[in-house]
Q: 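I have a structure here, written as structure tokens, and I will follow up with some questions on it.
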Amino acid sequence: MKTYYKLMKKPFFGRFMVEWKNPLPPASQTDWTAISFKSNSGALLKGLHANSKLDTTKATIVLGHPMGKEAKGYYLKNGYADILRDNGYNVLVFDINGFGESEVGNFFYHKDIISAGKVAKEIFPNAPLGYLGISLGGQWATIAFAEDHNYEFAIVESAANTLEEFWVKFPLANNILKIMGFLNPRLKQKIRMIDRIKEAHSLKKVLFIYLDKDDFIKNNAGELFSKAIPVPSEVHIISNAKHAQIPKSPARDQYFSKIVSFFDAQIKTQIQ
């Protein structure tokens, strides 16, 4: 079955399914503990976790990566993990199935996100649990939030409202997606993000971060998600940045400040 899924995924993710390399220097890698855990997607997932650098831990944040060869390394390389840990957060990063060090599983990537949250809670049982997902990791989180998850607050960044919206610029993958949807319309509806997010539950608040101009996502995608989700939410717009590359843009400092302040606000609300 894994061979079947690997073949089916090649038109979509083939160029990203490569051997994973840790971007951290050896001295920094010692801060992290490697983990393996089973996902209901059928794959054995690989991840890393590290404690907050402060004496008092605010919460644990699970990070769901965008599509790319870096996989979970995206968050290590671009400063997310360090900034969150410096501000009092435990961090868990993981490879979605078929990416990085994780095995190939089925197409239900939201099950990986749910499984990562449950493992994070087992590792850090006394800390509130939050989530940050970008592009791939954000889009599938909108379905995870509609199912049996244990996240308490979340940030979703640059996620498309539907699979068709994202893949339309990739002709081969888009045509295969259309065929799959035609053959299985019930499945197509089950993974339609803009509809499934209407079933989201158990979240105190969700922050949607989007770009004012995104080459892959329509400009009002965040507003549409925010209107559809039945829990409190807000939309924050970033300018002068490319898709999944805000840390490399002039908005970097503002961006990370917004992320930390949002998570801090959720913890403060819980304490009150």
Q: Between Thr60, Asn51, Asp264, which is the residue that forms a side-chain hydrogen bond (donor to acceptor under 3.5 Å, both in side chains) with Tyr89?
A: Asp264
Q: Using only atom types and a distance under 3.5 Å, with no angle test, would you say the side chain of Tyr75 pairs donor to acceptor with the backbone of Gly64?
A: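 Judged by distance alone, yes, a pair lies under 3.5 Å.
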Q: Could you tell me if the side chain of Leu211 sits less than 4.5 Å from the side chain of Ile217, heavy atoms only?
A: no
Q: Any non-hydrogen side-chain atom of Leu45 less than 4.5 Å from a side-chain atom of Val119?
A: no
Q: As a quick check of understanding, evaluate side chain to side chain contact (heavy atoms under 4.5 Å, CB included) for Glu147 and Phe108, giving each step before the final call.
A: CA-CA 12 Å; Glu147 298 192 359; Phe108 294 140; over 6 Å; no
Q: Salt bridge (Lys or Arg N to Asp or Glu O under 4.0 Å), that's the test. Do Asp95 and Lys46 meet it? Break it down for me.
A: CA-CA 6 Å; Asp95 294 321; Lys46 299 297 183 78; over 6 Å; no
Q: Closest approach of Asn22 and Leu24, non-hydrogen atoms and distance?
A: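 For Asn22 and Leu24, the tightest heavy-atom pair comes out as OD1-N, 2.9 Å.
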Q: Please check if the side chain of Ser261 supplies one atom and the backbone of Ser257 the other of a donor-acceptor pair under 3.5 Å.
A: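 Confirmed, Ser261 side chain pairs with Ser257 backbone.
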Q: Hey, does the side chain of Tyr151 reach the backbone of Phe145 with a donor-acceptor pair shorter than 3.5 angstrom?
A: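 Not confirmed, Tyr151 side chain does not pair with Phe145 backbone.
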Q: Are any of the side-chain heavy atoms of Pro247 and Tyr74 separated by less than 4.5 Å?
A: yes
Q: Identify the two heavy atoms, one from Ser233 and one from Ser226, that lie closest to each other, and give their separation to 0.1 Å.
A: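 Answer, listing the atom of Ser233 first, then Ser226: OG-OG, 2.7 Å.
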Q: If you compare all heavy atoms of Ser102 against all heavy atoms of Ile96, which two are closest, and at what distance to 0.1 Å?
A: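 Of all heavy-atom pairs spanning Ser102 and Ile96, the closest is CB-O, 3.8 Å.
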Q: Under the side chain to side chain contact (heavy atoms under 4.5 Å, CB included) rule, what do Thr33 and Ile123 come out as? Steps first, then yes or no, please.
A: CA-CA 11 Å; Thr33 300; Ile123 297 170; over 6 Å; no
Q: Can you confirm whether more than 12 heavy atoms, excluding those of Lys69, are under 6.0 Å from its NZ atom?
A: no
Q: Would you say Gln139's side chain and Met193's backbone share a donor-acceptor pair under 3.5 angstrom?
A: no
Q: Any side-chain heavy-atom pair from Ile238 and Lys258 closer than 4.5 angstrom?
A: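 Side-chain contact under 4.5 Å: no.
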Q: Considering all heavy atoms of both residues, which atom of Val235 and which atom of Gly222 are nearest to each other, and what is their separation?
A: CG2-O, 3.7 Å
Q: Is the backbone N or O of Leu129 less than 3.5 Å from a side-chain atom of Glu152, with the two atoms forming a donor-acceptor pair by type?
A: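 Judged by distance alone, yes, a pair lies under 3.5 Å.
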Q: Do any N or O atoms from the side chain of Lys58 and from the backbone of Asn87 form a donor-acceptor pair under 3.5 angstrom?
A: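 Flag set: sc Lys58 to bb Asn87 pair under 3.5 Å.
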Q: Does Ile61 belong to the same Ile/Leu/Val/Met/Phe/Trp/Tyr cluster as Leu54, with side-chain heavy atoms less than 4.5 Å apart forming each link?
A: no
Q: Identify the two heavy atoms, one from Ile229 and one from Ala200, that lie closest to each other, and give their separation to 0.1 Å.
A: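 Ile229 and Ala200 have their closest heavy atoms at CG1-CB, 3.8 Å.
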Q: What pair of heavy atoms forms the shortest contact from Ala221 to Tyr210, and how long is it?
A: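 Looks like CB-CE2, 3.7 Å.
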Q: Parallel, tilted or perpendicular, judged at 30° and 60°: which one describes the rings of Tyr109 and Trp140?
A: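 Ring orientation, 0 to 90° scale: perpendicular.
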Q: Is a donor from one side chain sitting under 3.5 angstrom from an acceptor on the other, for Asn240 and Ser249?
A: no
Q: With rounding to the nearest 0.5 Å, note down the distance linking NZ in Lys242 to CG in Asp214.
A: 11.5 Å
Q: Hey, does His149 have a side-chain heavy atom less than 4.5 Å from the side chain of His110?
A: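 Not touching, per the 4.5 Å side-chain cut-off.
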Q: Just how far is it from atom CG of Leu84 to atom CG of Leu92, taken to the nearest 0.5 Å?
A: 12.0 Å
Q: Which distance, rounded to the nearest 0.5 Å, do you find between the OG1 of Thr162 and the CD1 of Ile191?
A: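 Nearest 0.5 Å value for the OG1-CD1 distance: 10.0 Å.
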Q: Hey, could you give me the CD/CD distance between Glu19 and Glu101, rounded to the nearest 0.5 Å?
A: 9.0 Å
Q: Do Phe99 and Ile114 sit in the same hydrophobic cluster, where Ile, Leu, Val, Met, Phe, Trp and Tyr count as joined when their side-chain heavy atoms come under 4.5 Å apart?
A: no
Q: Among pairs that include at least one residue of residues 17-53, which meet ring pair (Phe, Tyr, Trp, His ring centres under 6.0 Å), considering only residues two or more places apart or in two chains?
A: His49-Phe124
Q: Measuring only between side-chain heavy atoms, which start at C-beta, is Lys118 closer than 4.5 Å to Asn150?
A: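 Yes. Closest side-chain heavy atoms under 4.5 Å.
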Q: Is the terminal nitrogen or CZ of Lys205 (NZ for Lys, CZ for Arg) located under 6.0 angstrom from the six-membered ring centre of Phe262 and within 45° of that ring's axis?
A: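 No, cation not above the ring by the 6.0 Å, 45° rule.
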Q: Would you check if Val206 and Ile197 make a side-chain contact, meaning some heavy-atom pair closer than 4.5 Å?
A: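 Val206 does not reach Ile197 side chain to side chain.
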Q: More than 12 non-hydrogen atoms from neighbouring residues, nucleotides or ligands closer than 6.0 Å to NZ on Lys77, yes or no?
A: no
Q: What's the separation between atom CD in Gln245 and atom CD1 in Ile134, rounded to the nearest 0.5 Å?
A: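 Going from the CD atom of Gln245 to the CD1 atom of Ile134 covers 11.0 Å.
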Q: Do Ile259 and Ile155 have side chains that get closer than 4.5 Å, going by heavy atoms?
A: yes
Q: Would you say the side-chain atoms of Lys213 pair up with the backbone N or O of Ala241, donor to acceptor, closer than 3.5 Å?
A: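 No; zero donor-acceptor contacts below 3.5 Å.
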Q: Find the distance between CE (Met67) and NE2 (His65) and round it off to the nearest 0.5 Å.
A: 11.0 Å
Q: If we ignore hydrogens and angles and just use 3.5 Å, is the side chain of Asn90 paired with the main-chain N or O of Ser52 as donor and acceptor?
A: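 Checking the backbone N and O of Ser52 against the side chain of Asn90, a donor-acceptor pair under 3.5 Å is found.
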Q: What do the steps show when you test Asp112 against Phe94 for side chain to side chain contact (heavy atoms under 4.5 Å, CB included), and what is the final call?
A: CA-CA 9 Å; Asp112 298 342; Phe94 72 102; 4.1 Å; yes
Q: Given the rule in the side chain to side chain contact (heavy atoms under 4.5 Å, CB included) test, do Lys248 and Asn78 qualify, once you have shown the distances and angles that lead to the verdict?
A: CA-CA 8 Å; Lys248 299 176 182 178; Asn78 289 297; 3.7 Å; yes
Q: Please state whether the rings of Phe256 and Tyr80 are parallel, tilted or perpendicular, taking 30° and 60° as the class boundaries.
A: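 Geometry flag for Tyr80 against Phe256: perpendicular rings.
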Q: Please check this pair: side chain of Asn161 against backbone of Ile194, looking for a donor-acceptor N/O pair closer than 3.5 Å.
A: no
Q: Using 30° and 60° as the class boundaries, would you call the ring planes of His243 and Phe166 parallel, tilted or perpendicular?
A: tilted
Q: Kindly write out the residues that satisfy salt bridge (charged side-chain N to carboxylate O under 4.0 Å, His left out) with Asp195, not counting sequence neighbours, or none if the list is empty.
A: Arg192, Lys198
